[in-house]
Amino acid sequence: MSNPTSSRRAPFIVIEGLDRSGKTTQTSKLAQRLEGSGVDTKLVKFPDRTTPIGKMIDSYLRSASDLDDHAVHLLFSANRWELAPTIERLLTAGTTVICDRYAFSGIAFSASKVDAEGAPLLPFEWCRSPDVGLPAPDLVLFFDITPEKAKERGGYGEERYEKEEMQLRVRKAFHRIAEEMGEDEKVGRGATRWVTVDAGRGMDEVERDVWTLVEPLVRGGVTGPVAKLWTTS
């Protein structure tokens, strides 16, 4: 008799959010908690600033260099594609992948850039197209916080996109993505669950919510192959 769990794999979990939402802190705490519980875990952060492409992105984000907006968006996408085979391989091998930012950030931030008159520089659909076919997360936790609340936290404004007007547009774009992910059951073959987390609360409260959502998925595993973002085949 075949083993009913033989087709199960580890889950792919993404934490998204506005700048200074506590996303990076909670992602690290989650990875440490899983590892401490004996779960084989890999923490991935995008952009990965250690790769050749990532170093170009890092220079741009620190405002040390200027690049065309189209080129920057494609660099961010290429940075994710660099690690796509590794993510799939880890999941299949039974390693839970926890990801700090992913394709959704790429869309939200690029689609939020505007010209002097306030018109979008890059169409939303164009921003999404380079990431079609990337490994689809099984769970996305979106850390929602108002820019006003985020400004109260240390370090706000140190990087290029950390301006209140920009963050308001980014938040609106994330909400659009959330609506689409919830409305279209075929997104990622219906494999991705999107959950909004109130990140304006205390760190311990947010951590408890994250663990409540993640633990059953990690303990139970996921059936079937890794799905692909925004494809139905």
**OP:** Specify the closest pair of heavy atoms between Gly133 and Lys228, including all atoms of both residues, with the distance to one decimal.
**Re:** O-CD, 3.3 Å
Original post:
Under 3.5 Å, is there a donor-acceptor pair between the side chain of Gln26 and the main chain of Met203?
Top reply: yes
Subject >> Worked verdict on Asp131 versus Trp81 for side-chain contact (heavy atoms from CB on, under 4.5 Å) >> reply: CA-CA 8 Å; Asp131 290 321; Trp81 279 105; 4.2 Å; yes
**OP:** Using the salt bridge (Lys or Arg N to Asp or Glu O under 4.0 Å) rule, pick out the option among Arg171, Arg201, Lys149 that qualifies with Asp144.
**Re:** Arg171
Original post:
Under the 3.5 angstrom rule, does the side chain of Trp211 hit a backbone N or O of Val206 as a donor-acceptor pair?
Top reply: no
Subject >> Interatomic spacing from NZ in Lys55 to CG in Asp48 - rounded to 0.5 Å >> reply: 10.0 Å
**OP:** Anything under 30° is parallel, anything over 60° is perpendicular, the rest tilted; go ahead and classify Trp126 against His70.
**Re:** perpendicular
**OP:** Over all heavy atoms of both residues, which pair between Ser21 and Ala199 is shortest? Give the atoms and the distance, please.
**Re:** O-CB, 3.4 Å
Original post:
Between Leu229 and Phe12, is there a shared hydrophobic cluster once you connect ILVMFWY residues whose side-chain heavy atoms come closer than 4.5 Å?
Top reply: yes
Subject >> Chi angles and distances behind the side-chain contact (heavy atoms from CB on, under 4.5 Å) call for Asp204, Arg208 >> reply: CA-CA 6 Å; Asp204 291 344; Arg208 281 195 297 271; 4.0 Å; yes
**OP:** Give a yes or no answer on whether the side chain of Arg49 reaches the backbone of Gly54 with a donor-acceptor pair at less than 3.5 Å.
**Re:** no
Original post:
Just by distance, with hydrogens left out, do Thr92 and Arg9 show a side-chain donor and acceptor under 3.5 Å apart?
Top reply: no
**OP:** Kindly assign one of parallel, tilted or perpendicular to the pair Trp194 and Phe142, based on the angle between their ring planes and the thresholds 30° and 60°.
**Re:** tilted
Original post:
So if you build clusters from Ile, Leu, Val, Met, Phe, Trp, Tyr with side-chain heavy-atom gaps below 4.5 Å, do Ile87 and Val222 land together?
Top reply: no
Original post:
Got a sec, which residues hit salt bridge (charged side-chain N to carboxylate O under 4.0 Å, His left out) with Glu82, two or more places apart in sequence or on another chain?
Top reply: none
Original post:
Taking the side chain as C-beta and beyond, is there a heavy-atom pair between Phe109 and Arg169 under 4.5 Å?
Top reply: no
Subject >> Side-chain donor-acceptor contact under 3.5 Å, Asp138 with Thr192 >> reply: no
**OP:** Could you tell me whether the side chain of Val44 reaches within less than 4.5 Å of the side chain of Ile98, counting heavy atoms only?
**Re:** no
**OP:** Compute the ring centroids of Trp230 and Phe104, then answer whether they are less than 6.0 Å apart.
**Re:** yes
Original post:
Side chains of Glu16 and Ser105: do they bring a donor and an acceptor to under 3.5 Å?
Top reply: yes
Original post:
Distance from Leu61 atom CG to Phe76 atom CZ, nearest 0.5 Å?
Top reply: 4.0 Å
**OP:** Start with the C-alpha distance between Gln167 and Asp19, add both sets of side-chain angles, then the distance that settles side-chain contact (heavy atoms from CB on, under 4.5 Å), and finish with yes or no.
**Re:** CA-CA 8 Å; Gln167 293 292 310; Asp19 292 331; 2.8 Å; yes
Original post:
Do Met166 and Leu18 share a hydrophobic cluster (ILVMFWY, side-chain heavy atoms under 4.5 Å, transitive)?
Top reply: yes
Original post:
Does one side chain, of Asp40 or Thr95, offer a donor that lies under 3.5 Å from an acceptor on the other?
Top reply: yes
Subject >> Basic-acidic side-chain contact under 4.0 Å: Arg176, Glu179 >> reply: no
Original post:
So which heavy atom on His73 is nearest to which on Ser110, and how close?
Top reply: ND1-OG, 2.6 Å
Subject >> Hydrophobic cluster identity match, Leu122 and Leu67, side-chain contacts under 4.5 Å >> reply: no
Original post:
How about Glu35 and Lys42: do any of their side-chain heavy atoms sit closer than 4.5 Å?
Top reply: no
**OP:** Check each of Leu90, Ile13, Thr41, Val226 against Val97 using the side chain to side chain contact (heavy atoms under 4.5 Å, CB included) test, and report the only one that passes.
**Re:** Leu90
Original post:
Which heavy atom of Pro135 sits nearest a heavy atom of Glu88, and at what distance?
Top reply: CG-CG, 3.7 Å
Subject >> Nearest-0.5 Å distance that lies between atom CG in Asp100 and atom OG1 in Thr24 >> reply: 3.5 Å
Original post:
For the atom pair CE (Met56) and CG (Asp58), what is the distance rounded to the nearest 0.5 Å?
Top reply: 11.5 Å
**OP:** Go through Val214 and Leu139 one step at a time and tell me if the side-chain contact (heavy atoms from CB on, under 4.5 Å) criterion holds.
**Re:** CA-CA 8 Å; Val214 168; Leu139 174 66; 4.1 Å; yes
Original post:
Can you check whether Phe143 and Phe174 have ring centres sitting under 6.0 Å from each other?
Top reply: no
**OP:** Kindly indicate whether the side chain of Arg33, heavy atoms from C-beta on, has any atom under 4.5 Å from the side chain of Glu207.
**Re:** yes
**OP:** Give a yes or no on whether the backbone of Gly17 and the side-chain of Arg101 come within a donor-acceptor separation of less than 3.5 Å.
**Re:** yes
Subject >> Heavy-atom pair of closest approach, residues Cys99 and Thr27 >> reply: C-CG2, 4.4 Å
Original post:
How close do Phe124 and Ala173 get, heavy atom to heavy atom, and via which atoms?
Top reply: CE1-O, 4.5 Å
Original post:
Is it true that Val14 and Leu43 fall in one hydrophobic cluster, defined by side-chain heavy atoms closer than 4.5 Å?
Top reply: no
**OP:** Kindly compute the distance separating CG (Asp209) from CG (Asp198), expressed to the nearest 0.5 Å.
**Re:** 8.5 Å
Subject >> From Leu141 atom CG to Arg193 atom CZ, the distance as rounded to the nearest 0.5 Å >> reply: 8.5 Å
**OP:** Show the numbers, then the answer: is there a side-chain hydrogen bond (donor to acceptor under 3.5 Å, both in side chains) between Thr51 and Asn79?
**Re:** CA-CA 8 Å; Thr51 70; Asn79 192 229; 3.2 Å; yes
